[in-house]
Protein chains: 2
Amino acid sequence: MSDEREITIYDIAKYLNISAATVSRGLKNNPMISKATRKKITDAVQTLGYQSNAFASNLRSRHTHTLGVIVPRLNSYFMSSALAGMENAANRYGYNLIIAQSLEDVEKEKRNAATMFNKRVDGLLISLSSNTQHIHHLEPFFKRKIPVIFFDRVYPHDESTSVGINNFEAAYQVTKHLIDQGCKRIMHLGGNVLRNVYQERLNGYRKALQDHHLPFTEQLHLTGPLSEQAGTDAAGHILELSPNKRPDAVFSANDTAAVYCMLALQGAGLRIPEDIAFAGFNNDPISKVIAPNLTTVEYSGDSIGHTAATYLINHLKGISDLHATNAITLRADLVIRASSLKNKNPE
Amino acid sequence: MSDEREITIYDIAKYLNISAATVSRGLKNNPMISKATRKKITDAVQTLGYQSNAFASNLRSRHTHTLGVIVPRLNSYFMSSALAGMENAANRYGYNLIIAQSLEDVEKEKRNAATMFNKRVDGLLISLSSNTQHIHHLEPFFKRKIPVIFFDRVYPHDESTSVGINNFEAAYQVTKHLIDQGCKRIMHLGGNVLRNVYQERLNGYRKALQDHHLPFTEQLHLTGPLSEQAGTDAAGHILELSPNKRPDAVFSANDTAAVYCMLALQGAGLRIPEDIAFAGFNNDPISKVIAPNLTTVEYSGDSIGHTAATYLINHLKGISDLHATNAITLRADLVIRASSLKNKNPE
DNA sequence: TTATTTTACGCAATCGGTTGCGTATCATAA
DNA sequence: TTATGATACGCAACCGATTGCGTAAAATAA
């Protein structure tokens with residue numbers, strides 16, 4: 001009763017007195033097979049309870065309908081949204097996702113890439129770990145022409161495509177907004193500049209300062225993991241500065257650090273935005289919960305994931321050619337909230 | 001130069017003048033193979049750049065070293081933490097994760113289960129969608145003795161194991177805490193009682209009321225999707241009640257609904273906890289950002305995911321037997337914060 | 001009616017490892 | 001020296017679906 005043998009196309013073939021080849025073709029709606037036999041086959045599938053064996057198929061057809069995804073970490077709002085977007089797209093087209101996290105460690109990223117390759121994913125979606133310097137570990141993919149798409153934390157490479165936003169422009173807008181509010185000493189909390197996203201945000205910040213004749217000082221530029229702790233630490237750093245050297249605004253490269261910095265400063269008695277204005281990046285749920293609400297950059301993980309996966313699949317299906325597209329830039333919008341509104345006139 | 005043929009164990013065999021069988025065994029550290037040949041094989045693997053083909057292997061050996069994971073949605077803090085925990089455990093033991101989301105829809109859950117089965121996952125980790133009534137769609141797994149572990153939103157089934165927390169007890173403690181603070185009209189914001197987690201939280205709430213001689217009234221029991229919107233709506237509902245019928249506390253079955261309810265009530269001028277105390281569930285990051293901080297139940301998605309995956313893998317490796325274990329209950333702790341502290345004496 | 005084309009299907013090789021069984025080689029015991 | 005066992009490896013079938021090629025049967029044309 002239990003542990004019955006697996007039902008294969010051979011069983012169906014025998015059952016119907018036809019060949020396994022016909023069954024295989026019938027199952028895939030090959031026009032070579034008559035409507036009548038196709039019907040008989042699908043009926044037999046029902047009555048016998050046949051389930052296709054994906055990897056017997058993979059072995060022969062050489063594609064797995066599986067996409068590999070490597071992310072720095074699974075449990076951030078942005079990343080889980082991106083994964084949700086990918087899953088949606090993948091599911092719609094009959095693809096599955098194998099997901100692994102590098103935990104910001106190149107070595108783990110390398111191992112992940114190797115297993116993905118061995119499992120013969122049809123394509124790879126990757127957002128680099130913070131300390132990845134080169135992408136030699138992706139060579140096997142390039143060699144075998146397996147498409148690779150970088151998303152968010154991308155890498156310049158002309159055989160593959162990148163999906164992200166214009167970080168430079170977004171950071172420029174944020175900084176300009178703070179300047180427009182009258183801020184003159186704007187601190188920047190940044191991430192590892194090995195990653196384009198943080199480098200570009202830094203560049204946008206600096207360019208905005210320069211365009212508005214404000215000096216850039218290393219003292220007002222902190223780099224770190226942008227974690228809760230990093231935010232709290234930044235607050236400590238600010239409080240240690242003599243009051244006349246303190247920033248009158250903070251632009252953080254993510255919302256987490258911004259929020260924890262705000263909480264610590266508020267705890268020390270500073271008022272936001274009166275004493276110090278704030279802006280973050282990501283539009284994380286916490287940005288709408290903190291009081292005052294945090295000005296930030298809306299930047300949809302879901303769209304990025306969905307777009308990246310859709311492009312990859314279209315390429316695999318031959319509908320479009322990725323090699324023609326080197327980068328896809330999605331929109332990112334400045335969301336102005338109370339944390340940065342010093343001029344109370346909403347005009 | 002490009003698109004070179006795949007390197008197989010046959011190439012290695014030819015290169016070393018041994019049989020493919022020996023190469024296969026050598027690669028898997030089969031003791032039957034001498035140390036010397038094993039060395040030669042691993043060397044040849046290096047020089048030839050061999051990469052194993054996972055599904056050729058799967059086809060014969062009938063296991064994929066892949067675990068299927070089906071979750072209601074990927075982008076919630078709890079779920080993404082659970083996935084992170086699973087990925088950690090899986091990665092450590094050489095397993096991969098195929099992840100799909102049901103988006104709270106049984107039909108999608110069914111389709112997901114079917115593809116997972118076809119891809120021949122070695123085991124399944126599943127948290128049910130809110131409207132799943134039965135689990136006939138998991139029958140193929142049971143029939144073929146593929147282990148299934150339910151986590152968080154579990155289902156009573158004696159061939160499989162559940163990993164979760166004691167929701168009844170946690171909810172009881174939360175409610176009791178609110179009662180101890182002097183609250184007498186405690187509202188409960190619950191989820192779909194089709195899911196054990198919400199049913200049990202409701203039960204714990206009711207039992208605590210009963211044990212403290214407080215009446216349970218349907219008027220103070222709202223059921224919904226526990227989304228941001230649901231939280232806001234609940235606030236609207238509360239404000240519509242005549243002041244003497246209003247609750248003096250709200251216990252929400254998740255933090256999201258609690259926080260958005262708080263924000264709306266605060267917007268209407270109510271003070272928390274003086275006018276109305278709050279408690280949530282999950283210890284979501286937003287619970288530490290909202291002012292006042294939200295009392296909640298700490299309940300580690302990471303541990304649940306890690307535990308569930310580890311048990312599954314141990315079972316697959318024959319180290320332990322899942323059938324002996326019907327349920328695993330992890331700890332959940334009441335975290336008391338300002339949103340529920342009406343007695344200001346911390347003793 | 002015969003030749004030609006089309007339609008529908010079968011044969012058998014193939015994808016790349018895995019594994020049960022058989023055996024040559026060498027060490028050890030008798 | 002011969003019998004016995006252990007060790008190390010090869011042979012070949014096998015997992016289950018796919019697909020190039022070949023062909024019988026039916027349809028159409030000549």
Side-chain angles (χ1 to χ4, degrees), chain A residues 3-42 44-45 48-66 94 115 117-122 140 144, chain B residues 3-42 44-45 48-66 94 115 117-120 122 144:
Chain A
D3 219 300
E4 311 134 32
R5 216 184 51 73
E6 191 110 7
I7 305 224
T8 73
I9 52 170
Y10 294 97
D11 298 317
I12 299 190
K14 207 169 298 165
Y15 180 76
L16 294 175
N17 281 319
I18 56 178
S19 79
T22 302
V23 177
S24 172
R25 294 190 177 104
L27 254 22
K28 293 168 44 194
N29 291 329
N30 186 314
M32 192 194 276
I33 304 303
S34 74
K35 223 160 187 285
T37 16
R38 213 179 308 170
K39 176 85 168 71
K40 287 199 296 183
I41 292 171
T42 51
V45 163
L48 296 186
Y50 164 81
Q51 299 256 14
S52 85
N53 184 325
F55 44 79
S57 157
N58 295 339
L59 177 57
R60 188 61 220 265
S61 63
R62 324 194 65 78
H63 52 261
T64 56
H65 283 272
T66 300
T115 28
F117 185 84
N118 287 349
K119 295 228 168 176
R120 297 298 190 274
V121 295
D122 288 350
R144 293 211 61 79
Chain B
D3 219 301
E4 310 135 34
R5 217 183 51 73
E6 192 111 5
I7 304 225
T8 73
I9 53 168
Y10 293 97
D11 298 318
I12 298 189
K14 207 170 298 166
Y15 180 75
L16 295 176
N17 280 320
I18 57 180
S19 80
T22 303
V23 176
S24 171
R25 294 189 175 103
L27 252 23
K28 293 167 46 194
N29 290 329
N30 186 315
M32 191 195 277
I33 305 303
S34 74
K35 221 157 187 286
T37 14
R38 212 177 310 168
K39 175 86 169 69
K40 285 199 297 184
I41 291 171
T42 52
V45 162
L48 296 185
Y50 165 80
Q51 300 256 16
S52 84
N53 184 325
F55 47 78
S57 153
N58 296 339
L59 178 58
R60 188 63 219 262
S61 62
R62 325 194 61 79
H63 51 262
T64 56
H65 284 271
T66 300
T115 29
F117 184 84
N118 287 349
K119 295 230 167 177
R120 299 297 191 273
D122 288 350
R144 294 211 59 79

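Just so we're on the same page: letters track the sequence lines, and every chain starts at 1.
- Contacts between residues 50-60 of chain A and DNA chain C, counted as heavy-atom distances below 4.0 Å, involve A:L59, A:R60.
- Separating the CD1 atom of A:I12 from the P atom of C:dC9 is a distance of 15 Å, rounded to the nearest angstrom.
- Residue B:I41 holds its CD1 atom at 6.5 Å from CG of B:L27, rounded to the nearest 0.5 Å.
- Rounded to the nearest 0.5 angstrom, B:N53 CG and A:N118 CG are separated by 8.0 Å.
- For the pair B:H65 NE2 and C:dG17 P, the interatomic distance rounds to 15 Å; values are reported in whole Å.
- To the nearest 0.5 angstrom, A:H65 atom NE2 is 12.5 Å from B:T115 atom OG1.
- Pairs passing the salt bridge (Lys or Arg N to Asp or Glu O under 4.0 Å) check and including a residue from residues 51-63 of chain B, sequence neighbours excluded, read A:E6-B:R62.
- Residue A:R120 contributes atom CZ, which lies 11 Å from atom C1' of C:dC15 at whole-angstrom precision.
- Computed from coordinates, the A:Y10 OH to D:dA13 C1' distance equals 14 Å when rounded to whole Å.
- For the atom pair A:T64 OG1 and A:R120 CZ, the distance stands at 10.0 Å (nearest 0.5 Å).
- Summarising the geometry of A:R144 relative to A:F117, their closest heavy-atom pair is CD-CZ, 3.6 Å, with the distance given to 0.1 Å.
- A:N17 contributes atom CG, which lies 11.5 Å from atom OG1 of A:T22 (distance to the nearest 0.5 angstrom).
- For residues 26-35 of chain A, the set of pairs meeting the side-chain hydrogen bond (donor to acceptor under 3.5 Å, both in side chains) definition, not counting sequence neighbours, comprises A:S34-A:T37.
- Regarding A:R62, its CZ atom lies at a distance of 13 Å from the P atom of D:dG20, rounded to whole Å.
- Rounded to a whole Å, the CG atom of A:D11 is 11 Å from the P atom of D:dC15.
- Here A:Y10 contributes atom OH and A:S19 contributes atom OG; the two are 9.5 Å apart, rounded to the nearest 0.5 Å.
- The side chain of B:T8 lies closest to C:dG17 when the candidates are C:dT19, C:dC15, C:dG17.
- Residues meeting the side chain to side chain contact (heavy atoms under 4.5 Å, CB included) test with A:I12, sequence neighbours left out: A:L16, A:V23, A:A44, A:V45, A:L48, A:Y50.
- Distance, B:K28 NZ to C:dG16 P: 18 Å, rounded to whole Å.
- Scanning all heavy atoms of the two residues, the minimum distance from B:I33 to B:G26 falls at CG1-N, 3.8 Å.
- Five base pairs at each end of the helix from C:dT1-D:dA30 to C:dA30-D:dT1 define two local axes, and these are offset by 40° (rounded to 10°).
- If you take CD1 of A:I7 and P of D:dC15, they are 15 Å apart, rounded to a whole angstrom.
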What are the atom names and distances for every N/O pair under 3.5 Å that joins the protein to nucleotides 5-12 of chain D?
residue	atom	partner	partner atom	Å
D:dC9	OP1	B:S34	OG	3.4
D:dC9	OP1	B:T37	OG1	2.9
D:dC9	OP2	B:S34	N	2.8
D:dC9	OP2	B:S34	OG	3.3
D:dC9	OP2	B:T37	OG1	2.8
D:dG10	OP1	B:S19	N	3.1
D:dG10	OP2	B:S19	N	2.9
D:dG10	OP2	B:S19	OG	2.8
D:dG10	OP2	B:T22	OG1	2.1
D:dG10	O6	B:R25	NH1	3.3
D:dG10	O6	B:R25	NH2	3.3

